[in-house]
Number of protein chains: 4
Amino acid sequence: MTTALNKYDMILKASLSLFTERGFDAATIPMIAKRADVGAGTIYRYFDSKETLVNVLYQESVQRFTKKVRKDFSSIPVREGFEHIFYCLIDFTKESEYALFFLETKKNSHYLNQTSRQLLDQLLHMLDDFFKRGKSEGVIRSLPSNVLIAIVLGAFLNIYQLVQAGDVEINAELITELEQCCWDAIKLH
Amino acid sequence: MTTALNKYDMILKASLSLFTERGFDAATIPMIAKRADVGAGTIYRYFDSKETLVNVLYQESVQRFTKKVRKDFSSIPVREGFEHIFYCLIDFTKESEYALFFLETKKNSHYLNQTSRQLLDQLLHMLDDFFKRGKSEGVIRSLPSNVLIAIVLGAFLNIYQLVQAGDVEINAELITELEQCCWDAIKLH
Amino acid sequence: MTTALNKYDMILKASLSLFTERGFDAATIPMIAKRADVGAGTIYRYFDSKETLVNVLYQESVQRFTKKVRKDFSSIPVREGFEHIFYCLIDFTKESEYALFFLETKKNSHYLNQTSRQLLDQLLHMLDDFFKRGKSEGVIRSLPSNVLIAIVLGAFLNIYQLVQAGDVEINAELITELEQCCWDAIKLH
Amino acid sequence: MTTALNKYDMILKASLSLFTERGFDAATIPMIAKRADVGAGTIYRYFDSKETLVNVLYQESVQRFTKKVRKDFSSIPVREGFEHIFYCLIDFTKESEYALFFLETKKNSHYLNQTSRQLLDQLLHMLDDFFKRGKSEGVIRSLPSNVLIAIVLGAFLNIYQLVQAGDVEINAELITELEQCCWDAIKLH
DNA sequence: TATGAATGAGTGTTCATTCAT
DNA sequence: TATGAATGAACACTCATTCAT
C-alpha cells in the first residue's frame with residue numbers, strides 16, 4: 001500500500017535517489033525540489049542546509065540499518081549471526097534501492113558531520129563485537145574486524161550496484177550463493 | 001628519490017588526489033591549481049576542460065592496470081591467475097595511493113566519456129574471460145563473471161580505503177591472507 | 001510619466017543601451033546587472049545566455065520596425081512610400097534612442113543566430129519590393145536594392161549617431177531636409 | 001609585386017582584418033598572433049598593449065586617408081572636390097579591404113584614446129572646410145557639415161560593407177553612379 | 001505553510017600580458 | 001629578437017540560500 005508522503009519524506013526520498021545517482025555535489029537543490037515536487041524554498045523549511053539534509057539522510061539510513069541488525073543479534077551462533085547480517089543487508093536494499101547510500105559514502109566525505117561519523121562508528125563497533133566473537137570462537141579468520149567488514153560490505157555493495165544498474169537480476173538462489181561467498185571469504189577454513 | 005615533475009604531471013597528480021579525496025564535483029579547479037602549484041589558467045594549457053582532465057586520469061589508470069594484468073595471463077592455472085590479478089592490484093596501489101581511482105568511480109558517472117567506459121569494459125571483458133575459464137574448469141563458482149569481479153574488486157577496494165585512511169597497516173602477511181580471503185569467496189568448495 | 005518597469009524590461013533596457021554603447025563583447029553581464037539594478041544571476045532567470053539576450057533584443061527591434069514600416073505600405077505612391085519609411089525611422093528612434101541597434105549590428109556578427117538574420121532578411125526583402133516598384137516606375141535609380149537601402153540606412157544611421165552623441169540637435173525642419181537628402185540620393189533625376 | 005612583410009606590418013595587417021571582422025573585443029591576441037604568424041609575445045615587442053595596437057591602426061588609417069584627401073584639395077571647384085573625396089574613399093578601400101576600419105569605429109569607442117579622436121577631428125575639420133565652401137558658394141545644402149559628412153560616409157560605408165560581404169560586385173560604372181547618388185544627396189537642387 | 005524570484009559568492013574557463021629561454 | 005609557457009584577473013554562468021508574498 002502506497003501512502004501519500006508528506007513533504008518532508010518526499011524531499012528525503014528525492015534527495016536520497018539523487019545523491020546516489022549523481023553524488024552529493026552534482027545533485028542540486030533545484031533538481032531535488034523538482035523530483036520531490038516541492039518548491040526549492042520548501043526544502044529549507046525542513047532542513048537548514050543541503051549539508052543538513054544529506055546528514056539526516058545518512059544518519060537515518062545508518063540508524064535504521066543498525067536497528068535492524070541489532071535485533072536478537074548477540075545470542076545466536078556465529079554462522080547464523082552472519083546470515084542474519086547478510087539478510088539484513090538484503091532486506092534493507094529491498095526497502096529502498098537507495099538505502100545503502102551510507103555504504104557508498106566515504107567516511108571522510110567533506111559533507112559528513114561528526115554525528116554521522118559517530119553513528120557509522122557505532123554500527124561498525126557492533127559488527128566488530130560480533131566478528132570478535134567469531135574470531136575468539138575460531139570460526140572467523142583472525143583479521144582485524146574492520147578488514148573483515150570491509151570485505152563483506154565491499155563485496156555486497158559492489159554487487160548491489162550491479163543490481164541497481166540492471167546488469168544482474170537478483171533472486172533467492174543467487175542471494176543464497178552470495179551469502180555463502182561472503183561467508184567463505186571470512187570464515188576460518 | 002624525488003624527481004622534479006613537469007607541470008603536466010603535477011596537474012595530473014594533484015587532480016588525482018583531489019578527485020579521490022573529494023570527488024569530481026567537489027574538487028575545484030582553484031583547488032587543483034593550488035595543490036599542483038600552478039596558475040588556474042595553466043591547467044587549460046594541458047587539458048581542454050575539467051572533464052577532459054578526469055577522463056585522461058581515468059583512462060590512464062585503466063590502461064596501466066589493464067596492461068599490468070594482461071602480462072602472461074592466459075596460460076597459467078586459474079589459482080595462479082587469480083593470485084596474479086590480486087598482486088597486480090597490490091602492485092598498482094603501491095605505485096600510487098590513488099591509482100585505483102577508476103575502481104571508485106561509478107561507471108555511469110556523469111563526467112565519464114564513452115572512451116573511458118569502453119576502456120573499463122575492455123578490462124572487465126579480459127577478467128570475464130579468465131573467470132569463464134575458471135568456471136568451465138570447475139574451480140570457480142558458477143556465478144556471473146561481473147558478480148565474481150564485483151566481489152573481489154569490491155572487497156579489495158574497501159580494504160584499500162582503510163589502508164589509505166590509515167586505519168589498517170599493510171604487510172606481506174596480511175596481503176597473503178587477504179588474497180586467500182578473496183579466493184575463498186569465489187572458489188568452488 | 002515614468003512607469004515602474006519589471007525586471008525583464010529593466011534587463012532588456014540596460015543591455016540594449018550597453019550593447020549600443022560598448023558593443024556586445026565589451027558589455028559584460030556584471031555591467032548589465034548593475035545598470036539594470038538586478039543581481040547578475042537574475043539575468044539568467046529571464047534569458048538563457050548573453051547570446052540569447054542580444055538576439056531577443058535584435059529580433060524585437062527588427063520586428064517592431066518591420067511592423068511599423070509595413071502599415072499601409074504597398075498602395076501609396078513611391079515618393080510617399082519613401083517618406084513613410086523615413087518617418088518610420090524617425091519615429092522608431094524617438095521611441096528609444098537605442099532602437100536602431102539592429103542597424104548598427106553587422107549581419108555576420110558572431111553572436112547573431114539564424115532567426116535574427118532571417119528576420120533582418122524579411123525586412124530587407126520588404127524594402128526590396130518597394131524599391132523594385134520605384135525602379136520599375138522609373139522614379140528610383142536602377143541600382144541594386146540592397147545598395148539603395150545601404151545608402152539610405154547608412155546615411156540615416158550615421159546622422160542618428162551624431163544625434164545620440166549630442167553633436168546635432170534634431171528638429172522638424174532638419175528632419176524634412178534630411179528626408180529630402182536621402183530621397184535625392186536615390187531618385188532618378 | 002608582393003614583398004615579404006616585416007613582423008610589425010604583419011601584426012598590423014592581421015589585427016586590422018580581425019578587428020574589422022570580429023570587433024576589437026572579440027579579436028583576441030592569440031588570434032591575431034596566429035594570423036600574423038608570430039608568437040603572442042612578439043606583439044608586445046612592437047605594441048605596448050592591445051589598446052595601443054588598435055589606436056596605432058586607427059591613427060595610421062586616418063592619417064593615410066587624410067593625406068590622400070588633402071592632396072591638391074582646396075583650389076578646385078566644389079563638384080570636382082567632392083568627386084576627389086569620393087574617389088579617395090574608393091582608392092583607399094582598394095589599397096586594403098579593411099582600410100575603412102576607422103569609419104566603422106564609433107568615435108566614442110571605449111578603446112580609442114584622445115590622439116585617435118583628435119586625428120579624426122582633424123580629418124572632419126578639413127572636410128568641414130570643404131563643405132563650408134560648398135555651402136557658401138550655394139552648391140551644397142545648408143546643413144551642418146557633420147551631418148553632410150555623416151550622410152556621405154554613412155552611405156559609402158554601408159555600401160562598402162555589402163562589397164566586403166560579397167553581396168555586391170563593384171565596377172567602374174557602379175562607382176560613377178554611386179558618386180552621383182552621394183552628390184545628389186547633399187547638393188543644393 | 002509553501003513558494004519561486006532574486007541574489008551574489010563561487011564555479012569553470014578565457015585571455016591580455018609577462019618573462020625565462 | 002622572438003617565443004610561447006605561465007599567470008591571475010575577469011568573464012559567463014550556476015546554485016545554495018533568502019525572503020516577500
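A note on names: the letters A, B, ... follow the listed sequences, proteins ahead of strands, and every chain is numbered from 1.
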Within the 4.0 Å heavy-atom criterion, would you say [X] contacts the bases, only the backbone, or no part of the nucleic acid?
X	value
C/Ile29	sugar-phosphate
B/Ala26	nothing
D/Thr42	base
B/Phe47	nothing

Specify the separation, in whole Å, of atom [atom1] of [X] and atom [atom2] of [N].
X	N	atom1	atom2	result
B/Arg45	E/dT14	CZ	P	12 Å
C/Lys50	E/dT14	NZ	P	15 Å
A/Ile11	E/dT1	CD1	P	13 Å
D/Lys7	F/dG4	NZ	P	10 Å
D/Asp37	F/dT1	CG	C1'	16 Å
D/Asp25	F/dA10	CG	P	15 Å
C/Arg22	F/dA10	CZ	C1'	13 Å
D/Glu51	E/dT17	CD	C1'	14 Å

Checklist entry - Salt-bridged, B/Asp25 to A/Arg22, with N to O below 4.0 Å? => result no
Checklist entry - Across all strands shown, which nucleotide pairs with E/dA20 by Watson-Crick or G-U wobble geometry, both distances under 3.5 Å? => result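 For E/dA20, the partner nucleotide comes out as F/dT3, under the 3.5 Å rule.
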Next on the checklist: Does the structure show a Watson-Crick or G-U wobble partner for E/dT14, both distances under 3.5 Å? Name it, or say none.
Outcome noted: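 Result: F/dA9.
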Checklist entry - Hey, which of these two, B/Ser49 or C/Gly41, hits DNA chain E nearer its 5' end, going by closest nucleotide? => result C/Gly41
Item to check | D/Arg117 (side chain) donor-acceptor with D/Lys107 (main chain) under 3.5 angstrom | outcome: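 Yes.
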Checklist entry - Do any N or O atoms from the side chain of B/Asn55 and from the backbone of B/Asn113 form a donor-acceptor pair under 3.5 angstrom? => result yes
Item to check | Phosphate contact (E/dT14 OP1 or OP2) by B/Tyr44 side-chain N/O below 4.0 Å | outcome: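 Checking E/dT14 against B/Tyr44, no side-chain N or O comes under 4.0 Å of OP1 or OP2.
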Checklist entry - For E/dA2, does OP1 or OP2 lie under 4.0 Å from any side-chain N or O of A/Tyr46? => result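 Answer is yes, contact under 4.0 Å.
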Next on the checklist: Does the Lys NZ or Arg CZ of C/Lys7 fall within the cation-pi geometry relative to C/Tyr46 - under 6.0 Å from the ring centre and within 45° of the axis?
Outcome noted: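 No, C/Lys7 and C/Tyr46 do not form such a contact.
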Checklist entry - Is C/Lys106 atom NZ crowded by more than 12 heavy atoms from other residues, nucleotides or ligands, each under 6.0 Å away? => result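 Counting other residues, nucleotides and ligands, NZ of C/Lys106 exceeds 12 neighbours.
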